[in-house]
Amino acid sequence: MSLLSDLRWRGLIHQTTDDAGIEAWLEERPRTVYAGFDPTADSLHVGSLLGLIVLRRFQQAGHKPIAVVGGATGMIGDPSGKSAERNLLSKEDLQRNVAGLGEQMSHFLDFDAGSCSAELVNNFDWVGPWSYLEFLRDVGKNFPVNVMLAKDSVKSRLGRNEGGEGEGMSYTEFSYMLLQAYDFVHLHEKHGCELQAGGSDQWGNITAGIDLGRRMRGVQLRGLTWPLLTKSDGTKMGKTEGGAVWLSAERTSPYEFYQYWINVDDADVTGCLRMLTELSREEIETLDAAREANAGQRESQRRLAEELTRLVHQESGLAVAQKATEIFFGAEICDLDDAQLTQIFADVPNKVFPSSRLTEGDLTIIDALVEAGLAKSKGEARRTIGQGGAYVNNRRVEGIGDCLTTENLASETVMVLRSGKKKYALLRFV
RNA sequence: GGGGGGUUACCGAAGCGGUCAAACGGGGCAGACUGUAAAUCUGCUGGCUAUGCCUUCGCAGGUUCGAAUCCUGCACCCCCCA
């Protein structure tokens with residue numbers, strides 16, 4: 001199957017500049033494709049995962065991917081899809097963020113693959129040296145304002161302003177598309193890049209680049225967009241109450257990441273499997289059929305979580321996430337050492353006690369629940385235990401007045417206390 | 001300025017001298033069920049050194065053996081008349 005028909009089947013094609021010809025054009029010989037990434041944070045999140053995966057697929061099909069980090073454009077702020085003016089980031093913040101993103105991308109793209117090696121570039125490198133006058137003369141000259149005003153990203157902001165709502169748009173944001181358009185021309189010149197891919201909200205910026213290429217250099221560039229990753233209820237994929245789901249283990253632990261995908265709705269899971277994983281069409285169709293027959297099995301979600309966690313956090317991260325899942329959902333805790341427990345429960349509040357309290361029988365489970373913050377008062381702790389909601393190392397506590405002893409240690413110095421289904425605390429005895 | 005009504009636990013709302021740590025509903029917590037879903041069902045829901053003790057019904061006093069409940073003053077809110 002050709003790359004493009006695979007992408008189509010996966011639902012990754014929203015629009016192309018050349019529906020009829022682009023498939024053959026891609027089959028003809030290896031091409032160079034680029035996608036941009038916003039350096040608004042030092043880590044990518046699920047929102048930008050799709051871009052990485054699309055580039056990865058292009059590379060697997062023998063094309064050369066270029067990931068552009070918007071060190072320059074990030075200073076301006078892309079108005080596409082935004083209702084209000086963006087806050088500008090400082091140069092230093094951007095530099096740090098760009099470095100962070102590069103590291104993450106290395107897990108998705110192969111930077112050492114001969115002629116189709118991936119490249120990571122920062123558009124600050126070529127935008128920075130421009131002087132304002134030069135830019136206006138060489139680039140700005142090619143942008144008819146009436147065309148710019150017709151772009152959706154601009155029209156919606158101006159329209160809102162007339163109605164008295166929204167904030168309109170600054171000249172700075174208005175200029176954003178010139179910078180991104182010029183990126184495309186630059187990449188064509190220096191890297192032979194002829195195709196820009198992006199989310200569907202990037203269409204206006206992509207076509208601006210194509211127009212600029214034609215005007216400045218008389219070349220034919222191409223564009224392709226993927227649909228925005230949304231859930232069946234219309235909200236964005238990759239958001240939790242706690243904020244975005246990040247790709248860095250520091251911001252979103254492998255366990256949380258794994259859990260996010262395990263919990264994807266039935267209605268959304270097939271789309272995620274197609275768009276985000278590299279499972280074959282046959283495998284995905286088998287999963288779909290299995291899910292329709294017995295949704296409770298949730299094999300689809302499990303595979304999705306597994307594939308993505310492995311891709312983002314490698315085999316080791318997946319193993320930790322799966323072990324943590326097993327434990328967080330009730331498996332009795334045994335045969336683990338301090339280091340493993342500390343890692344699995346890294347996100348859980350922990351409390352240190354002198355070990356003498358264990359040997360002297362000075363620590364009742366009631367006190368432990370209160371001191372570890374799992375109960376607001378001793379009364380509440382008593383109630384929880386009485387109702388069968390307290391667990392030590394995932395084994396239900398039977399006696400209300402019981403004391404903890406060294407017998408209860410799960411490993412050398414650690415004990416795991418739990419209240420209810422999910423509230424955990426780690427007790428460390430030193 | 002005059003008259004009336006209100007202020008109860010996380011929220012809403014009963015209670016009108018003892019049986020009130022305070023009905024009921026929501027929320028929250030725990031349990032069962034289940035697909036780590038939705039719905040449903042059950043229990044709990046001020047604190048403690050715990051068959052008892054302490055603190056809570058706008059605030060401060062008072063009456064009474066006994067007050068969330070009665071009286072006085074204060075604060076805030078709502079309505080009606082000027």
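Please read these numbers as outputs of a predicted model, since none were measured by experiment. Numbers restart at 1 for each chain; the letters A, B, ... are given by sequence-line order, proteins then strands.
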Touch class at under 4.0 angstrom, heavy-atom based, for A:T325 against every strand present: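 A:T325: base contact, heavy atoms under 4.0 Å.
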Touch class at under 4.0 angstrom, heavy-atom based, for A:G296 against every strand present: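 Base, at least one base heavy atom under 4.0 Å.
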For nucleotides 46-48 of chain B, which of its nitrogen or oxygen atoms have a protein nitrogen or oxygen under 3.5 Å away, and what is each distance?
| residue | atom | partner | partner atom | Å |
| --- | --- | --- | --- | --- |
| B:G47 | OP1 | A:S377 | OG | 2.6 |
| B:G47 | OP2 | A:R383 | NH2 | 2.9 |
| B:C48 | OP1 | A:K378 | N | 2.9 |
| B:C48 | OP2 | A:G379 | N | 2.9 |

Rounding to an integer number of angstrom, what distance separates [N] and [M] when you compare their [atom1] atoms?
{"N": "B:G18", "M": "B:C29", "atom1": "P", "answer": "37 Å"}
{"N": "B:A21", "M": "B:A13", "atom1": "P", "answer": "24 Å"}
{"N": "B:U19", "M": "B:G27", "atom1": "C1'", "answer": "30 Å"}
{"N": "B:C70", "M": "B:U8", "atom1": "P", "answer": "16 Å"}
{"N": "B:U55", "M": "B:A68", "atom1": "P", "answer": "12 Å"}

Residue matched to [N] through Watson-Crick or wobble contacts both under 3.5 angstrom:
{"N": "B:A75", "answer": "B:U7"}
{"N": "B:A32", "answer": "B:U40"}
{"N": "B:U56", "answer": "none"}
{"N": "B:C20", "answer": "none"}

Over how many whole Å does the gap from [X] atom [atom1] to [N] atom [atom2] extend?
{"X": "A:Y391", "N": "B:C29", "atom1": "OH", "atom2": "P", "value": "15 Å"}
{"X": "A:L369", "N": "B:A30", "atom1": "CG", "atom2": "C1'", "value": "12 Å"}
{"X": "A:K231", "N": "B:A37", "atom1": "NZ", "atom2": "P", "value": "15 Å"}
{"X": "A:N294", "N": "B:A37", "atom1": "CG", "atom2": "P", "value": "16 Å"}
{"X": "A:Q387", "N": "B:U45", "atom1": "CD", "atom2": "C1'", "value": "9 Å"}
{"X": "A:F328", "N": "B:U36", "atom1": "CZ", "atom2": "C1'", "value": "13 Å"}
{"X": "A:K422", "N": "B:G28", "atom1": "NZ", "atom2": "P", "value": "14 Å"}

Full working for side-chain contact (heavy atoms from CB on, under 4.5 Å) between A:E173 and A:V154: CA-CA 9 Å; A:E173 280 197 12; A:V154 175; over 6 Å; no
Value rounded to 0.5 Å, distance of OG1 in A:T384 from CZ in A:R418: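 Here the interatomic distance stands at 12.5 Å.
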Rounded distance (nearest 0.5 Å) linking atom CD of A:E119 with atom CG of A:L187: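 The CD atom of A:E119 sits 9.5 Å away from the CG atom of A:L187.
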Residues A:R302 and A:E306 bridged, charged N to O under 4.0 Å: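 No, this pair does not count.
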Heavy-atom pair of closest approach, residues A:L363 and A:D367: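 Heavy atoms only, the tightest pair is CD1-CB, 4.1 Å.
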Test of ring centre spacing under 6.0 Å for A:F345 and A:F328: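 Centroid separation for A:F345 and A:F328: below 6.0 Å.
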Over 12 foreign heavy atoms within 6.0 Å of CD, A:E292: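 Atom CD in A:E292 is not packed in, count stays at 12 or less.
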Selection: residues 253-268 of chain A, any non-hydrogen atom under 4.0 Å of RNA chain B: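 Here the set is A:Q259, A:I262, A:N263, A:D266.
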Distance-only donor-acceptor check, side chains A:R291 and A:S300, under 3.5 Å: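 Yes, because at least one side-chain N or O of A:R291 sits under 3.5 Å from a partner of the opposite role on A:S300.
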Chi angles and distances behind the side-chain contact (heavy atoms from CB on, under 4.5 Å) call for A:L50, A:L12: CA-CA 9 Å; A:L50 209 43; A:L12 282 169; 3.7 Å; yes
A:H107: partners by side-chain hydrogen bond (donor to acceptor under 3.5 Å, both in side chains), with sequence neighbours left out: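 Partners of A:H107 by the side-chain hydrogen bond (donor to acceptor under 3.5 Å, both in side chains) criterion, ordered by chain and then number, come out as A:Q314.
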